[in-house]
S.K.: 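One structure coming up, written as structure tokens, with questions to follow.
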Amino acid sequence: MLPAKQQYLDSIRHNSAYPTYRGVIGLIAFVFYAIAGLSALSALIGGLGIMTTSFIGGLATLVAGGLFAALFFLLGRLYKEAALVLVDMGDSIIDANSQSRSVSASAAQ
């Protein structure tokens, strides 16, 4: 990404009109990451526990749990990015409208 674009994104994110919504986005993404971590941990513990009696069953548990963990992690990332894009668009529209109104107000005087 170009430095000017990144600087603009940082600026609108820092001066957001929706700080609470941005916080909720982060919280929901954290919940997805926590579920992914718990899924991976339970797959590891369960898979190793099952491997004492059945290697194939334990391996299947490890693989299935790993896939669920990866799925929840990717869904969390996707949700966070999509929600931040929407709130960035809202902030950009508010920013553009406020600048155009100040320009048109000063031109009218």
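Just the heavy atoms: all of them, side chains too, but no hydrogens, waters or symmetry mates, feed the values below. We number each residue from 1, following the sequence as shown.
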S.K.: Verify the ring-centre separation between Tyr33 and Phe73: is it less than 6.0 angstrom?
M.R.: yes
S.K.: Find out whether Asp88 and Tyr18 are in side-chain contact, i.e. whether some heavy atom of one side chain is under 4.5 Å from a heavy atom of the other.
M.R.: no
S.K.: Can you give me the closest heavy-atom contact between Ile25 and Ala83, atom names plus distance?
M.R.: CD1-CB, 3.6 Å
S.K.: Under 3.5 Å, side chain of Ser11 to main-chain N/O of Gln7, donor-acceptor pair present?
M.R.: no
S.K.: How long is the gap from CZ on Phe32 to CG on Leu74, to the nearest 0.5 Å?
M.R.: 11.5 Å
S.K.: With a 4.5 Å cut-off on side-chain heavy atoms, are Phe55 and Ile50 touching?
M.R.: no
S.K.: Is it possible for you to say whether Ile35 and Ile28 belong to one hydrophobic cluster, with membership spreading through side-chain heavy-atom contacts below 4.5 Å?
M.R.: yes
S.K.: Within a radius of less than 6.0 Å around CZ of Arg13, do more than 12 heavy atoms belonging to other residues, nucleotides or ligands occur?
M.R.: yes
S.K.: Shortest non-hydrogen contact from Gly65 to Ser39?
M.R.: O-OG, 3.3 Å
S.K.: Linking I/L/V/M/F/W/Y whenever any side-chain heavy atoms sit under 4.5 Å apart, do Leu48 and Ile56 land together?
M.R.: yes
S.K.: Same cluster for Phe72 and Tyr79 if Ile/Leu/Val/Met/Phe/Trp/Tyr side chains link at under 4.5 Å?
M.R.: yes
S.K.: To check you understand the geometry: which heavy-atom pair defines the closest contact between Gly58 and Met51, and what is its length?
M.R.: CA-CG, 3.6 Å
S.K.: Within a reach of under 6.0 Å around OH of Tyr8, are more than 12 heavy atoms found that belong to other residues, nucleotides or ligands?
M.R.: yes
S.K.: Please report the closest heavy-atom contact between Asp91 and Ala17, naming both atoms and the distance.
M.R.: OD1-N, 3.0 Å
S.K.: Indicate yes or no: at least one non-hydrogen side-chain atom of Met89 is less than 4.5 angstrom from one of Ile12.
M.R.: no
S.K.: Count the heavy atoms belonging to other residues, nucleotides or ligands that lie under 6.0 Å from CD of Gln6, then report whether that count exceeds 12.
M.R.: yes
S.K.: Is Phe68 reachable from Leu38 through a run of I, L, V, M, F, W or Y residues, each pair having side-chain heavy atoms under 4.5 Å apart?
M.R.: no
